[in-house]
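I have placed the structure first, in the form of structure tokens, so that the comments after it can refer back to it.
Just so we're clear, the structure is a prediction, and the values are computed from it rather than from any experiment. In the text below, chain A, chain B and the rest are named by the order of the sequence lines, each starting its count at 1.
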Protein chains: 4
Amino acid sequence: MQSPQRLRGIFTPNIVPLDAKGEIDEVELRRYTSWLIERGVHGLYPNGSTGEFTRFTPEERRRIVAIMCDEAAGRVPILAGAAEANVRETLAACAYYHELGVRAVAIVSPFYYKLSPASVYAYFHEIGRNSPIDVTLYNIPMFASPIDVPTIQRLSEECERIVAIKDSSGDIPNMIRMIQAVRPNRPDFSFLTGWDAALMPMLVVGCDGGTNATSGIVPEITRKLYDLTIAGRLDEAREVQYGLVKLFDAMLYSADFPEGFRAALSLRGFRPGVGRQPLSSDQTVELAHVRDTLQCLLADAGFTDEPVGGCPPRRAGVDAGAVDQIVQGVLAELKRRGMA
Amino acid sequence: MQSPQRLRGIFTPNIVPLDAKGEIDEVELRRYTSWLIERGVHGLYPNGSTGEFTRFTPEERRRIVAIMCDEAAGRVPILAGAAEANVRETLAACAYYHELGVRAVAIVSPFYYKLSPASVYAYFHEIGRNSPIDVTLYNIPMFASPIDVPTIQRLSEECERIVAIKDSSGDIPNMIRMIQAVRPNRPDFSFLTGWDAALMPMLVVGCDGGTNATSGIVPEITRKLYDLTIAGRLDEAREVQYGLVKLFDAMLYSADFPEGFRAALSLRGFRPGVGRQPLSSDQTVELAHVRDTLQCLLADAGFTDEPVGGCPPRRAGVDAGAVDQIVQGVLAELKRRGMA
Amino acid sequence: MQSPQRLRGIFTPNIVPLDAKGEIDEVELRRYTSWLIERGVHGLYPNGSTGEFTRFTPEERRRIVAIMCDEAAGRVPILAGAAEANVRETLAACAYYHELGVRAVAIVSPFYYKLSPASVYAYFHEIGRNSPIDVTLYNIPMFASPIDVPTIQRLSEECERIVAIKDSSGDIPNMIRMIQAVRPNRPDFSFLTGWDAALMPMLVVGCDGGTNATSGIVPEITRKLYDLTIAGRLDEAREVQYGLVKLFDAMLYSADFPEGFRAALSLRGFRPGVGRQPLSSDQTVELAHVRDTLQCLLADAGFTDEPVGGCPPRRAGVDAGAVDQIVQGVLAELKRRGMA
Amino acid sequence: MQSPQRLRGIFTPNIVPLDAKGEIDEVELRRYTSWLIERGVHGLYPNGSTGEFTRFTPEERRRIVAIMCDEAAGRVPILAGAAEANVRETLAACAYYHELGVRAVAIVSPFYYKLSPASVYAYFHEIGRNSPIDVTLYNIPMFASPIDVPTIQRLSEECERIVAIKDSSGDIPNMIRMIQAVRPNRPDFSFLTGWDAALMPMLVVGCDGGTNATSGIVPEITRKLYDLTIAGRLDEAREVQYGLVKLFDAMLYSADFPEGFRAALSLRGFRPGVGRQPLSSDQTVELAHVRDTLQCLLADAGFTDEPVGGCPPRRAGVDAGAVDQIVQGVLAELKRRGMA
């Protein structure tokens, strides 16, 4: 077999903008898709956890990918989340996405039920053996049945179609174990991290890239972090990673996922609309505060204005240095690459 | 408001038989439905976790309930699992089940994402305010976002349509806390346990019944346990509960849920078919052993013959006494009630 | 072997009063010991988790038991916590407590390190084979390595000296499994629950008693709950259990264990002193509020006056009924038994 | 304040050799201490988790440190584990270790009870305010109450005596959060990781060193990993880290901690003796197999001979490359440094 190119770089798991009726806002989704591509992400990843795949119908999931494929028009590869109710439905989705021309599908481990490694293996083996398109395993143990190292190794050896794993655990020693178990026999196999707060050290230990929710909000920063790390400019990368942890934490822990990311997206000039998971009135109030906090962080990074009323003075020494360096670094890099 | 009758008794969460093509086996599902009713369960609970609701399409979920409603023909009330991808889809399912004439729907707490109590509240509040039919909350913290006591209390006070909670945690102190928080203001609110291994003590502390997977396999025993406990015949009930723990554990922990129950169902004369979650070849071999173990337990209880090759001698004192008493007790009770 | 009496009833795990210098307050400890005995607890359990055994030196642990033995003077049996740094030290403590005349020792499973079942077995086997005195296993999985059912069964079969298990998990199905596994071969083996919120259902499924921290604060209520349940007066017992859950929760969850119990003890007329685990100033302020809440609950139950400033009006229906019944029930029972 | 030198480098948490009677083997402990120093570890860390501090008496803990201080004779700094039963006892130990001339003490967060952040704060604040010697916080959330980021920040600001944290979680994003919160105001504060499988990426994100159990077995490798990483030779460092993960996992997960490390120590020519936690006969047999596996890994790395009977052929590609490179790298480095 001629070894194809490994999946590499930053694949953005995108929020799906909704209109006033709660339907997919195609115009905004297209605008967002192109905006991401223009800001340098290496690929797109619809129907991920950030994309709230579980809250759409099977038909809607297909439509999201179709719109984004059409808009991307081959400018970047697309990794399409394809998990459906069971293997048969999932394979049907794989066939559909294959026809659309996506680069690969990503399939989350079975969720709701907590399955044993043997069942997780059997599930992916069945898919891997029958998919018409390359498959990325999606390991997110906080939400779905974990895919352990022996299972990954066995699947990588038995199923040529399985070409990558996207791991959202943030567990670096486990990433090392996965790479050790798979890479010798499958040099084409790619390892992607979904945990933005560990992106730089993940790349340092051998990961090929990430599917990072922050890249949907500040693609400039996530992309820069990737570039600096790959270039071995570790001191600069470390500073950017520190700033990204702050942004990531603020979006992730401030509200039920992915509401913080939705709020931040609105600060970048998009209309993400109201999510499908209802919010209590208390939550709506809180989210306004979260939005202000995020606006201050994004204003710090030069991406938006401060909110009305301004931002609290930053603790001397704690934030200022790191974030300033990010801003300068990002701006310099953007200038260098002709993007600013 | 005139307080309607509380939901009471044993509601059976049923396995859905599949045919050789993996499709719903309507004939077998009808036969199973009637068999359960004839063996004395108080109600039926399609589209529960035992019913693998996540592994069917939205259309299939509707069809399962439609078949069972038609077959039950009003002989027992039906509690239909109605959770769909989002609130709108769920409410549409509620409307459909309402037209079918089910007694109430059961809606599992949002899963995949781990939601905060505020989000869980907002989700059920939206449903409770708009459902055309009575709603049972479904709390299963090992699989879905937990519904905590303040959330239950608030929902019970604000949404008349929410009439019950089905709790599968098996946590008895927490059940006491729920009852304490809700019953004073909502005497019509029902508390059902989904944890068979705690059915008797749950009833003793104030539960109204259960949605118990064992009742889909040995409805005679689960029903008997309910009757003995309600009648205050605690010494007999304790013996039956001990036996049920053994059966429950054997079906629950021997294989990934609900494979053990599927295997046991085949021992009661049904053809449940092969489940939709694939099994590895190792798992298939193991499941044959599990089936033998279950057959021995069911043979002990008088429900089937011993497997070819016989059963291992039971450890003196450990099993014999308890199980024999169950058999005798069950047979005596069945005779008394004209069922054997 | 002639089967001795099983350990039965309520064994109180006591707080150790400290004086102004942080030393054991012998006078108060003696007064407290006698007060508990006079209020009807069946036994005493020094050096338990409530007794903060880890915060005393080995010498202090011995002194606590010596004082209480001397004060009890044989009026009730004593179960002495005897866990020390390793097996040798633990066996030396067992020998010392044996000479003091305690009924049995209780030994918590190894903690800090999370040990496998094999290591837990080896640890208790070594102790069980060499202890000069009866041993109670102490299973508290939230704090120490769990003792699983096969381990309990094996130890009960191999070590005659091991005569009981105290389980603080509150997991009733697991208690059933333990009893099923052990009782047939060891009818003298006793099962005690340390989880007050499940005392009544634990007794209903076959437990012999409890080591309950509430019995150190409201021995009248815990004892009454035991008596009503054993007598089969379930409706009354249920009401008392509901009230006890409220008290237990208030003391357990209001502050880091066992500070809530220490605060409550001061409301019963003792001077428990300041604990050895330091409190922040915020915590000290909070604890004052906790004390008021507890005082209201204890005042409700007739054990103390309301705090200065009074208690908040109870929510109609929620608390009043249940707690009033407790008060009446407890008072009536106390009168009947000549204690009030 | 004149900022003293941060703690930096690899501090070895050592196993304590025991003699045939189970007593501290002073001769072997001295020989081991000097051996570690000669192999290049930057410091020693007695009474850590690897050192089984909980299984010794207070007197024995003091003696271990005294012997090692005497043997080290100032060649490397010593970080002495000083946690005792309560604050008073701990401060007495601090005073004793101070007199011995150790560089600092390390104090594990309170264990057994799971304390809130407020209590953890209060505990360390009391110690930090009263210790005569520099204090390292020891965070090991799998065994003890977690020390969260706000607590670390507050303690670092209020207590000059608290100069470092040793974190054994292996959670790199959390390490970033800790450094972000503390370093701006306390440039002298040191961050050490106790999780060997993440040592290289931890150093890359800003850690100052580690307290790594592998350095007690293969000090040559752990030290080399530190040196390569600090020198920015990431490709070489990555290979060494991969090999260290394999060794670490083999020692950590093969038996209850720290038995795998004890077994490995015997392969380096020491007599660690039999641990104080008893082993079942099954465990003793298993440990012999573990010893063979470890011997093969250590033989691969050039530190010992293969076991009698030889080692299994390594899976092509999986182990050979990585481990060979380690061997070569370590040997080359050792030669360069005059150690081989």
*Ser49(A) versus chain B, the contacting section by heavy-atom distance below 4.5 Å*: both

*Specify the closest pair of heavy atoms between Ser119(A) and Gln277(B), including all atoms of both residues, with the distance to one decimal.*
O-NE2, 2.9 Å

*asked:* Using only atom types and a distance under 3.5 Å, with no angle test, would you say the side chain of Asp256(A) pairs donor to acceptor with the backbone of Leu115(B)?
replied: no

*What pair of heavy atoms forms the shortest contact from Leu279(B) to Ala122(A), and how long is it?*
C-CB, 3.6 Å

*Sort out for me which of Glu84(A), Arg55(A), Glu89(A) touches chain B most, counting heavy-atom pairs under 4.5 Å.*
Arg55(A)

_For Tyr121(B), which atoms come within 4.5 Å of any heavy atom of chain A: side chain, backbone, both, or neither?_
side chain

*Taking Tyr112(B), Phe143(B), Phe111(B) one by one, which has the highest count of heavy-atom pairs under 4.5 Å against chain A?*
Tyr112(B)

*Taking all atoms of both residues into account, what is the closest heavy-atom pair of Arg88(A) and Glu23(B), and its distance?*
NH1-OE2, 2.7 Å

*asked:* So which residue, Tyr123(A), Phe56(A), Tyr113(A), ends up with the most heavy-atom pairs under 4.5 Å with chain B?
replied: Tyr113(A)

_For chain B, the option from Met142(A), Glu126(A), Lys114(A), His125(A) that forms the most heavy-atom pairs under 4.5 Å_ = Lys114(A)

*Flag the pair Pro58(A) / Thr57(B) as yes when at least one side-chain heavy-atom distance between them is below 4.5 Å, and no otherwise.*
no

_Heavy-atom pairs under 4.5 Å with chain B - which of Glu52(A), Gln283(A), Glu259(A) has more of them than the others?_
Gln283(A)

*Leading residue by heavy atom contact count with chain A [cutoff under 4.5 Å; candidates Ala85(B), Ala255(B), Pro258(B), Ala144(B)]*: Ala85(B)

*Counting only heavy atoms closer than 4.5 Å, note whether Phe53(A) contacts chain B via side chain, backbone, both or neither.*
both

*Answer with side chain, backbone, both or neither: which region of Asp282(A) has an atom nearer than 4.5 Å to a non-hydrogen atom of chain B?*
neither

